[in-house]
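Atoms within a ligand are numbered from 1 in the order they appear, just like the ligands themselves. For the single chain, residues carry numbers from 1 onward in sequence order.
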Amino acid sequence: MNNNRRSFLKKLGVATAAIAINPLEAKNIFDIPAPKKVNKPIVISTWDFGLKANEAAWEVLKNKGKALDAVEAGVKIPEGDPTERSVGYGGRPDRDGKVTLDACIMDENANIGSVAGLEYIKHPISVARAVMEKTPHVMLVGDGALEFALSQGFQKENLLTPESEKEWKEWLKESKYKPIVNIENHDTIGMLALDEYGNLSGACTTSGMAYKLHGRVGDSPIIGAGLYVDNEVGGATSTGHGEEVIRTVGSHLVVELMRQGRTPQQACEEAVRRIVKFIHNRKKDVKDIQVGFLALSKKGEVGAYCIQSGFSYAVYDKTGNHLHKSNFEVKL
Ligand code: SD4
């Protein structure tokens, strides 16, 4: 065999091997075509405090900023607000009086970062983003998360405000863990944004269930449970009893239902019904449990649904910033 022929076959061999390894590389048949008509930019977030958070996110989006920057800026508003008793600074503590924070973030390229049980840092979402961008890992917890945050220049602060401390001391008198639906558990800000470039990102941050066991982790910092984003399909986030959301990998479920053709609204409804079914199967009382899902499709369509009345969400798009009441599954 002459050299020319050998090198020709060698080249051919390499090419063939490449095709054998990834036959779909040339044209990925799983690619979902980009939608033609898109409502963008848009940002949506959970609960009434979503309105203020959306304002900060919109500042980024309207100036052609990225969805990732928008969601980080947005959720930092309730994180930094001591009057919001369920997120970041001023959040209700666990049963030991410690404010432990959970947060995660996900961008259009499936980059993810998360922290759980993080103490003393006002903006856990920014630590989650630093985990995503500056470490080879996706999740840091407890002391390790704190050490990492300090190494990145975050300041150590006392997050337990006098109001939260007073309430906690009251709670200690009976020490019963019975979260009040829509109050002690209306904790979490989940936010999803679609930017001018058609890219999606999401963020989720909370102090978790008030008076939880020290070390308890909810759904909010768990990618797939409290937040999920697939840039071809849409994103979803959740609020409420994290244990129920983890059980169903709720936000991932919503996104996968959208991939199968459900609208964001239909997907949220189906995910809530799955949770309600599991509650019944486990013979728990649905009246003690709240879960709400919020979803945003690649086209900029919004969906929201919850177990029982009381969940609200805010939507900011070209028509303005509006608060909505979510429809719900169970009438009590
Ligand atoms: C948690 N899902 O820690 C959070 C709490 C929450 O609305 O969202 N409440 O389980």
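Between Leu159 and Tyr120, the shortest heavy-atom contact is CD1-N, 3.7 Å.
Residues Phe148 and Val141 fall into different hydrophobic clusters, defined by Ile, Leu, Val, Met, Phe, Trp and Tyr side chains chained together at heavy-atom separations under 4.5 Å.
In terms of polar-atom proximity, defined here as any N/O pair under 3.5 Å, Gly208 makes no such contact with ligand 1. Looking at Asp102 next to ligand 1, no N or O pair under 3.5 Å apart turns up. Taking any N or O of Thr206, backbone or side chain, none lies under 3.5 Å from an N or O belonging to ligand 1. No N or O atom of Ser238 sits closer than 3.5 Å to an N or O atom of ligand 1. Looking at ligand 1, you'll find an N or O of Gly242 within less than 3.5 Å of one of its N or O atoms. Ligand 1 has an N or O atom lying under 3.5 Å from an N or O atom of Thr239, backbone or side chain.
The ligand atoms of ligand 1 that sit less than 4.0 angstrom from a heavy atom of Ser220 are 2 (N), 4 (C). The contact set between ligand 1 and Asp219, taken as ligand atoms under 4.0 Å from a residue heavy atom, comprises 1 (C), 2 (N), 4 (C), 10 (O).
Scored by the salt bridge (charged side-chain N to carboxylate O under 4.0 Å, His left out) test, Glu163 finds no partners at all (sequence neighbours excluded).
Of all the heavy atoms of Glu244, none lies under 4.0 Å from any atom of ligand 1, so neither backbone nor side chain is involved.
Aromatic ring centres of Phe311 and Trp47: separated by under 6.0 Å.
Residue contacts with ligand 1 do not include Gln290, since none of its heavy atoms lies under 4.0 Å from the ligand.
For residues 216-230, the pairs satisfying salt bridge (charged side-chain N to carboxylate O under 4.0 Å, His left out) are Arg216-Glu243, Asp230-Arg259, with sequence neighbours left out.
Among Val291, Leu294, Asn327, the single residue meeting the side chain to side chain contact (heavy atoms under 4.5 Å, CB included) criterion with Tyr305 is Asn327.
In this structure, the side chain of Asp285 engages the main chain of Lys287 through a donor-acceptor pair within 3.5 Å.
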